[in-house]
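Note sheet for the following structure.
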Amino acid sequence: MKFVSTLAAAAIGLTAFNTAEAQQNQPACSSIYTRPELLSLTPAQWSNTRGVLSAMQRDGWFAWFAYLHNQWFSQIHGNSQFFPFHRRFVQDWESVGRRYSGSFVQPYWDEMRDYRVPASSQVLTSNWVGGNGQGANRCVTNGNQGGWTMTFPNNHCFSRVFGNNGNPTSWYSPEYIQSFIQRDTTMAQFRPDIEYSLHGVVHINIGGDMLQGYSPNDWIFMLHHTNIDRLWWQWQQNNRLWTMDGPNYDNTATTLDTNIAYYNQPIRSVMQLGYGSMCYQYASNPIRRRALDSGLENTLISSLPKDVLSTWFPDTAKKPVVAAARPPPALASAAPGVSAGSGMPFPAKLTQQWIQMHKYNKADVDRVENDARNFVNAMNKAGYRSPV
């Protein structure tokens, strides 16, 4: 798979979004590189990535990005800075990596594919990012950061403390995240729905450095937020390219002209991939593909009962019914948190510590978590069996 593909600038502007010129004041990128899913990397690509990360650690870049995230923590969570700040932050990180190797690209981890039993993910093995911390200090001894000493906020072994005594409770399914992408029409809806669900439970259940304001010490942070950015881009592609609203960290209204925290650049400058400094796309959602593609609509979602579709997947409900390409997969053995006789487990919840750390409104968190449980109940009652 190629990391970099050259696209004509005019073609990007004309084929991606017809409304771009009305809002865009950034130049079109002359070339676009593609962010891949981590497990799709070839051995040579992974070796190059590991080399870049080791050099960035040696030169203090892990500490710098951990410091920066920690310093601006309260301004970039719980409000509409969340998506634009982290898009710019990851791109900033990636641009540093590309100084070490022009072929370096920040991959994403599609955590939803591992939602059922996160600890069994291939990503969390010694061949990739390593697993749980060991010993009294929960130091990670394997994977690409195994044995590292982090220097911010002080010298300490790189650590992880997996949730639920080392066996994290199920995360959020790709179906539920796709439901957000279809249902939410404003940033004021979409931001908390993602931030209080998938975003939070991954941080909490990886634990250790990931549980702190300096979470960029763990490269999983970048994998995770690249995936969060990918989901935002999917949502934007659903006719919401320039949608930006909701509260800023100072309780003023957030607009396209609001400056991104720390960077002092307007949010408008990061909204459209393929323009300005956002010269990347995702393997799952190339810039040229305008229509939303969940990767799930060709399986069983479209065959759900009409009332379930219209409630949870309104966009799919408007499309012609697509017959399932294969029969439902066999039901997995029941696990803690799984409804009796169902294939979809209830997702983990945010901890009180995490809620207080971010100063979230508990009622808003409860709304998202109750919505998730209602979704699981509706899908299980309908007899849905996820292919994931």
Side-chain angles (χ1 to χ4, degrees), residues 1-3 33-58 61-62 65-66 90 93-94 96-98 100-101 103-135 138-150 157-164 166-172 174 198-199 201-211 215-231 280 282-284 295 348 388:
M1 184 197 72
K2 292 183 178 180
F3 267 171
Y33 56 85
T34 300
R35 290 178 175 175
E37 212 283 332
L38 176 65
L39 297 181
S40 73
L41 297 184
T42 66
Q45 290 166 346
W46 178 226
S47 177
N48 180 67
T49 299
R50 291 187 66 156
V52 169
L53 297 178
S54 293
M56 291 177 72
Q57 164 68 356
R58 178 197 67 211
W61 287 110
F62 272 83
F65 281 92
V90 173
W93 160 272
E94 187 174 53
V96 173
R98 289 172 69 81
Y100 291 89
S101 170
S103 62
F104 174 78
V105 179
Q106 174 58 49
Y108 64 91
W109 173 18
D110 187 356
E111 303 120 329
M112 292 95 71
R113 298 290 174 178
D114 296 320
Y115 85 99
R116 194 178 291 274
V117 187
S120 69
S121 172
Q122 187 180 346
V123 171
L124 300 175
T125 62
S126 59
N127 289 334
W128 295 95
V129 305
N132 202 5
Q134 306 297 317
R138 308 311 298 270
C139 304
V140 176
T141 60
N142 62 0
N144 69 295
Q145 289 184 265
W148 282 17
T149 296
M150 312 312 294
C157 72
F158 168 59
S159 71
R160 292 188 185 127
V161 184
F162 285 0
N164 194 32
N167 186 28
T169 306
S170 298
W171 293 342
Y172 286 80
L198 181 68
H199 168 256
V201 299
V202 172
H203 273 277
I204 290 167
N205 282 284
I206 295 299
D209 280 275
M210 269 287 277
L211 195 60
S215 49
N217 274 341
D218 191 334
W219 190 53
I220 285 181
F221 174 97
M222 296 299 172
L223 293 169
H224 180 41
H225 274 278
T226 305
N227 190 45
I228 296 294
D229 182 66
R230 181 179 71 97
L231 298 175
Y280 65 89
Y282 287 101
S284 62
V388 180

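All residue numbers in this chain count up from 1 along the given sequence.
Ring orientation note: the planes of H224 and H199 are close to parallel, at an angle under 30° on the 30°/60° scale.
In this structure, the separation between OH on Y280 and CD on Q106 is 11.0 Å, given to the nearest 0.5 Å. Distance CG/N132 to CG/N142: 9.5 Å, rounded to 0.5 Å. The distance from the CG atom of L38 to the CD atom of Q122 is 9.0 Å, given to the nearest 0.5 Å. Separation of atoms CH2 (W171) and CG (L198) is listed at 8.0 Å; rounding is to 0.5 Å. Residue D218 holds its CG atom at 11.5 Å from CG of L211, rounded to the nearest 0.5 Å.
Side-chain contact between L53 and T49 is present, with at least one heavy-atom pair separated by less than 4.5 Å. Side-chain contact between I206 and L124 is present, with heavy atoms from C-beta onward closer than 4.5 Å. At a threshold of 4.5 Å between non-hydrogen side-chain atoms, the residues N167 and F162 do not count as touching.
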### Message
Between W128 and L39, does the side chain to side chain contact (heavy atoms under 4.5 Å, CB included) criterion hold? Intermediate values first, please.
### Response
CA-CA 8 Å; W128 295 95; L39 297 181; 3.6 Å; yes
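If you check the side chains of D229 and Y282, you find a donor sitting under 3.5 Å from an acceptor. Side-chain contact of R230 with S284: a donor-acceptor pair under 3.5 Å is present, judged by distance alone. D114 and W109 are linked by a side-chain donor-acceptor pair at a separation below 3.5 angstrom, with hydrogens and angles left out of the test.
Looking at every heavy atom in both residues, S170 comes nearest to R116 through OG-O, 2.8 Å. A pairwise comparison of heavy atoms in Q145 and W219 identifies OE1-N, 2.8 Å as the closest pair. Summarising the geometry of M112 relative to Y172, their closest heavy-atom pair is CG-O, 3.5 Å, with the distance given to 0.1 Å. Considering all non-hydrogen atoms of both residues, T169 and N205 come closest at N-OD1, 4.0 Å. Of all non-hydrogen atoms in N144 and V129, the two that sit nearest each other are OD1-CA, 3.2 Å.
Of the possible polar contacts, none joining the S47 side chain to the P43 backbone as a donor-acceptor pair under 3.5 Å is found.
Between W93 and W61, the ring center distance fails the sub-6.0 Å criterion.
Among the candidates S159, C157, S54, the single residue satisfying the side chain to side chain contact (heavy atoms under 4.5 Å, CB included) test with W148 is S54.
Ion pairing between a basic and an acidic side chain is recognised when a charged N comes within 4.0 Å of a carboxylate O; E37 and R113 show no such pairing.
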